2 protein chains.
Amino acid sequence: MKSKATSFDIAHMAGVSQSTVSRALSDSPLVNQETRERIKKIAQELNYKVDKNASNLRRQHSQTLALLLFEDPTNDDSLINPFFISMLASITKATATAGYDLLVSFQNMNDDWHNLYEDTNKADGLILLGYGSYTDYEYKLSQLEEQGTRFLRWGAPDKKHPGVSIGSDNEIGGYLMGQHLVSLGHKRFAFLGEANVGAPEFLGRLRGLKRAMSEASLDTTGVAQADAISTEAAGFEAAQRLMQQYSSPSDFPDAIFCASDLIAMGCIRALRSQGMNVPEDIAVVGYDNIQISQFATPPLTTVLQDTLLAGELLVSNLLKLIRNETVEDMLMKPQLVVRESCGCKLKP
Amino acid sequence: MKSKATSFDIAHMAGVSQSTVSRALSDSPLVNQETRERIKKIAQELNYKVDKNASNLRRQHSQTLALLLFEDPTNDDSLINPFFISMLASITKATATAGYDLLVSFQNMNDDWHNLYEDTNKADGLILLGYGSYTDYEYKLSQLEEQGTRFLRWGAPDKKHPGVSIGSDNEIGGYLMGQHLVSLGHKRFAFLGEANVGAPEFLGRLRGLKRAMSEASLDTTGVAQADAISTEAAGFEAAQRLMQQYSSPSDFPDAIFCASDLIAMGCIRALRSQGMNVPEDIAVVGYDNIQISQFATPPLTTVLQDTLLAGELLVSNLLKLIRNETVEDMLMKPQLVVRESCGCKLKP
DNA sequence: CTGAAAGCGCTTACAG
DNA sequence: CTGAAAGCGCTTACAG
């Protein structure tokens with residue numbers, strides 16, 4: 001294993017100075033075309049690559065972005081939210097397209113965050129990706145801001161929090177779903193998913209549902225609800241708890257709006273285990289349009305968030321921040337995906 | 001945004017030399033305890049962090065690992081194999097535990113691989129994670145080896161390929177499943193999944209199945225097969241093609257061994273759409289034990305690969321390689337997970 | 001235990 | 001268009 005070539009080796013072989021090698025390899029117009037080509041050929045033969053540590057140190061930036069994934073602490077590793085995975089994939093892609101590298105780290109919100117990368121000049125900027133409220137972490141966010149760290153947050157814009165955020169409009173998502181459900185003739189609803197300030201996404205979806213109900217002159221006070229984090233198992237349990245709230249099956253809701261597809265799948269399993277059929281006896285819908293939702297039985301009616309676009313926006317806006325351009329909060333509009341679990345094939 | 005503090009700033013404030021600051025911060029025993037504490041306190045107040053670029057440049061290593069994920073080119077981003085996701089999570093965790101950072105990149109096997117990180121000193125070693133054969137990439141692997149790049153490959157050990165690999169024993173996995181299926185009384189089998197040299201994992205699973213059949217004196221020549229990559233959609237189509245191979249339903253196999261859980265889920269959907277019930281009419285089993293397999297209808301009998309352990313082994317062995325220790329190929333033993341889709345609740 | 005100094009491999013003013 | 005030189009912020013022999 002021979003030690004790696006440096007720009008001095010190339011310079012020596014090409015009979016030029018090291019500065020010229022550096023310029024040639026970075027395609028500086030300052031260097032003679034013929035010289036440039038000669039240098040590049042030698043570099044290739046030696047399999048020379050610019051040392052990023054040296055280059056970054058000198059240029060004072062790292063040409064890499066860091067992604068901090070905050071998973072619900074109750075989840076174990078195997079249960080990474082599929083929605084995050086799509087985001088991970090699209091962020092990775094967008095980062096590479098922009099010529100940056102990506103450092104990935106799964107963080108616990110309660111962790112020390114020592115590895116914030118930007119502190120150590122390992123990354124030029126941070127993307128924070130997690131469900132839930134950032135309320136508990138305001139101090140950390142303020143600290144980031146104070147240090148001049150460039151970061152972007154996935155989630156609902158919230159003027160109370162430091163930093164810029166890009167998110168999907170959950171209220172509209174819930175509203176679109178509510179409208180559809182109402183148009184199908186459903187009148188009594190239940191909501192499965194945490195509905196508290198710690199889960200602003202879910203809360204927004206519920207709010208949208210209620211708005212659609214109000215517009216259809218339905219009474220929103222009777223919407224039953226049971227807490228669930230975004231897992232299949234939590235959805236299963238929440239559905240069981242929900243059912244116990246009703247004294248008799250005749251009181252059951254027409255439709256259950258689940259705050260995520262994973263919850264919806266657990267809900268359907270719970271209903272089935274009680275002998276109920278979806279959507280014949282009761283409609284169940286989800287949110288996220290995760291990969292398997294279309295293959296569920298029945299295929300899930302859900303709300304799609306454009307993760308591809310989201311990843312691109314996150315990356316391009318972080319890059320803007322790094323270039324010291326101003327960036328505004330953004331809210332993306334989600335889209336309804338109608339399949340079978342809402343009962344639309346049966347009731348209209 | 002004030003510019004970041006350097007070790008010289010700390011030194012100035014502490015009234016010591018910069019060397020001492022550097023030593024104190026790296027917990028060198030050479031520095032006086034009281035001095036060390038004073039320096040550390042100042043560093044914390046200034047929110048000082050060692051510049052990794054400078055440190056890495058000086059120490060000639062980056063304290064980071066790179067993960068190159070090779071996805072089946074036919075898949076789009078949203079369809080990342082769930083098995084890979086578990087591996088990603090466990091590798092991330094193991095890397096962090098070892099005090100390293102992780103660079104992640106989704107690569108197309110056909111790409112140029114310019115970002116190999118190790119070339120550019122951005123990473124100390126590489127983990128290659130992908131399904132399928134490395135045959136087409138032997139040249140690139142040799143090149144890696146030639147350059148002295150430390151890398152480890154997930155997959156079946158293959159003496160023909162350069163580098164060390166860590167993998168799961170697919171032949172044993174298939175064998176365990178085959179044994180179980182045979183013990184349940186199934187006699188005629190089909191296999192869903194690519195069975196060619198380009199898919200050594202799948203091939204190994206099929207081989208294991210056939211070994212179990214042979215041991216039970218079943219004729220292995222009659223095992224029907226249809227190609228499928230590891231997606232639900234491919235499983236669906238493959239199952240349809242498979243069924244067309246039989247002239248009448250009475251010829252149908254007793255059990256279909258799918259090369260992955262995703263394929264199995266597609267297969268079940270296809271059978272169901274033809275009016276067949278799983279496992280009453282036909283048993284279907286998968287491989288991987290992905291998250292949703294336990295929630296499928298029916299819950300999937302499958303083979304579990306310990307991704308947590310796999311991630312840890314990949315990281316710890318790569319670290320050994322980096323320390324110039326010798327590392328041997330490893331094969332992990334998979335485990336049978338019996339649920340309902342094999343018909344075990346019904347036939348025994 | 002501490003400090004002065006060299007040097008990791010680049011990029012980029014500065015001078016020609 | 002090219003080269004000599006400075007310097008990015010560290011770590012670590014070397015000398016005391």
Side-chain angles (χ1 to χ4, degrees), chain A residues 2-40 42-43 46-64 99 101 117-124, chain B residues 2-40 42-43 46-64 99 101 117-124:
Chain A
K2 51 195 186 258
S3 70
K4 274 167 187 150
T6 71
S7 53
F8 282 93
D9 300 326
I10 313 281
H12 185 76
M13 294 182 69
V16 296
S17 75
Q18 182 267 341
S19 337
T20 302
V21 172
S22 178
R23 289 197 191 93
L25 294 173
S26 59
D27 286 313
S28 159
L30 285 175
V31 42
N32 181 351
Q33 170 143 358
E34 194 235 332
T35 315
R36 192 214 325 276
E37 277 161 16
R38 188 156 41 90
I39 291 172
K40 284 201 169 183
I42 296 175
L46 263 60
N47 214 291
Y48 169 79
K49 299 272 161 48
V50 171
D51 183 308
K52 295 267 190 175
N53 289 131
S55 161
N56 293 341
L57 173 59
R58 178 56 231 246
R59 311 176 71 163
Q60 291 295 291
H61 76 265
S62 61
Q63 198 76 1
T64 107
D101 291 323
Y117 306 117
E118 213 267 354
D119 290 352
T120 63
N121 286 342
K122 273 201 92 161
D124 298 328
Chain B
K2 51 194 187 260
S3 70
K4 274 167 188 149
T6 72
S7 52
F8 282 94
D9 301 325
I10 314 280
H12 185 74
M13 294 182 68
V16 296
S17 75
Q18 183 266 341
S19 335
T20 301
V21 172
S22 178
R23 288 196 192 96
L25 262 19
S26 61
D27 287 313
S28 159
L30 285 175
V31 43
N32 181 349
Q33 169 142 357
E34 193 237 332
T35 316
R36 192 216 322 278
E37 278 160 16
R38 186 156 44 90
I39 291 172
K40 283 202 169 180
I42 296 174
L46 263 61
N47 214 291
Y48 169 79
K49 298 274 161 48
V50 171
D51 183 308
K52 295 268 190 176
N53 288 133
S55 160
N56 293 342
L57 173 59
R58 179 54 231 248
R59 311 175 71 161
Q60 291 295 289
H61 76 264
S62 61
Q63 198 74 2
T64 107
D101 290 323
Y117 307 116
E118 214 267 356
D119 290 353
T120 63
N121 286 341
K122 273 202 91 163
D124 298 329

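Fair warning: this is a prediction, and the values are worked out from it, not measured in the lab. Numbers restart at 1 for each chain; the letters A, B, ... are given by sequence-line order, proteins then strands.
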**Student:** Taking the P atom in each of D:dC10 and D:dC14, what is the distance between them to the nearest angstrom?
**Tutor:** 23 Å
**Student:** Considering only side-chain heavy atoms of A:L57, which listed nucleotide, C:dG9, C:dT2, D:dC10, is closest?
**Tutor:** C:dG9
**Student:** Determine: side-chain N/O of B:Q60 to OP1/OP2 of C:dG9, distance under 4.0 Å, yes or no.
**Tutor:** yes
**Student:** Just the dot-bracket of DNA chain C, please: which string comes out with Watson-Crick or G-U pairs under 3.5 Å, [ ] for crossing, | for another strand?
**Tutor:** |||.||||||||.|||
**Student:** Determine the Euclidean distance between corresponding P atoms of C:dG9 and C:dA13; express it in Å to zero decimal places.
**Tutor:** 23 Å
**Student:** So, does B:R36 use its side chain to make a donor-acceptor pair with the main chain of B:L25 at under 3.5 Å?
**Tutor:** no
**Student:** Using a cut-off of strictly less than 4.0 Å, decide whether B:T35 has a side-chain nitrogen or oxygen near OP1 or OP2 of C:dT2.
**Tutor:** yes
**Student:** Could you tell me whether B:S22 contacts a base, only the sugar-phosphate backbone, or nothing, with contacts defined as non-hydrogen atoms closer than 4.0 Å?
**Tutor:** base
**Student:** Nearest whole Å is fine: how far is C:dA4 P from B:R23 CZ?
**Tutor:** 11 Å
**Student:** By nearest atom, which of the nucleotides D:dA4, C:dC10, C:dT11 is closest to the A:R59 side chain?
**Tutor:** C:dT11
**Student:** Check whether any side-chain N or O of A:S7 sits under 4.0 Å from OP1 or OP2 of C:dC10, and answer yes or no.
**Tutor:** yes
**Student:** Expressed as a whole number of angstroms, how long is the span from A:Q18:CD to C:dT11:C1'?
**Tutor:** 8 Å
**Student:** Just so I know, are the side chains of A:D51 and B:K122 near enough to count as touching, which here means a heavy-atom distance under 4.5 Å?
**Tutor:** no
**Student:** Would you say A:Q63 and A:D101 make side-chain contact, with heavy atoms under 4.5 Å?
**Tutor:** no
**Student:** Counting only heavy atoms not in B:H12, do more than 12 fall under 6.0 Å of its NE2?
**Tutor:** no
**Student:** On the nucleotide C:dC10, are OP1 or OP2 found under 4.0 Å from the side-chain N or O atoms that A:S55 carries?
**Tutor:** no
**Student:** Using the rule side chain to side chain donor-acceptor pair (under 3.5 Å), only one of B:D124, B:N53, B:N56 pairs with B:S62; which is it?
**Tutor:** B:D124
**Student:** When we call it a touch if two heavy atoms are under 4.0 Å apart, what does A:S19 touch: a base, just sugar-phosphate, or nothing?
**Tutor:** base
**Student:** Between P on C:dT11 and CD on A:Q63, what's the gap in Å once rounded to a whole number?
**Tutor:** 12 Å
**Student:** Would you kindly give the CD1-to-P distance between A:I10 and C:dG9, to the nearest whole Å?
**Tutor:** 13 Å
**Student:** Picking from C:dC10, D:dT2, C:dG3, which would you name as closest to the side chain of A:N32?
**Tutor:** D:dT2
**Student:** Please evaluate the base of D:dG9 for a donor-acceptor partner in the side chain of A:R58 within a cut-off of under 3.5 Å?
**Tutor:** no
**Student:** Rounded to the nearest angstrom, tell me the gap between atom CZ in A:F8 and atom P in D:dA4.
**Tutor:** 10 Å
**Student:** Send over the distance from B:R38 CZ to C:dC1 P, rounded to a whole Å.
**Tutor:** 14 Å
**Student:** So, B:S17 and B:T20: side-chain donor and acceptor under 3.5 Å apart, yes or no?
**Tutor:** yes
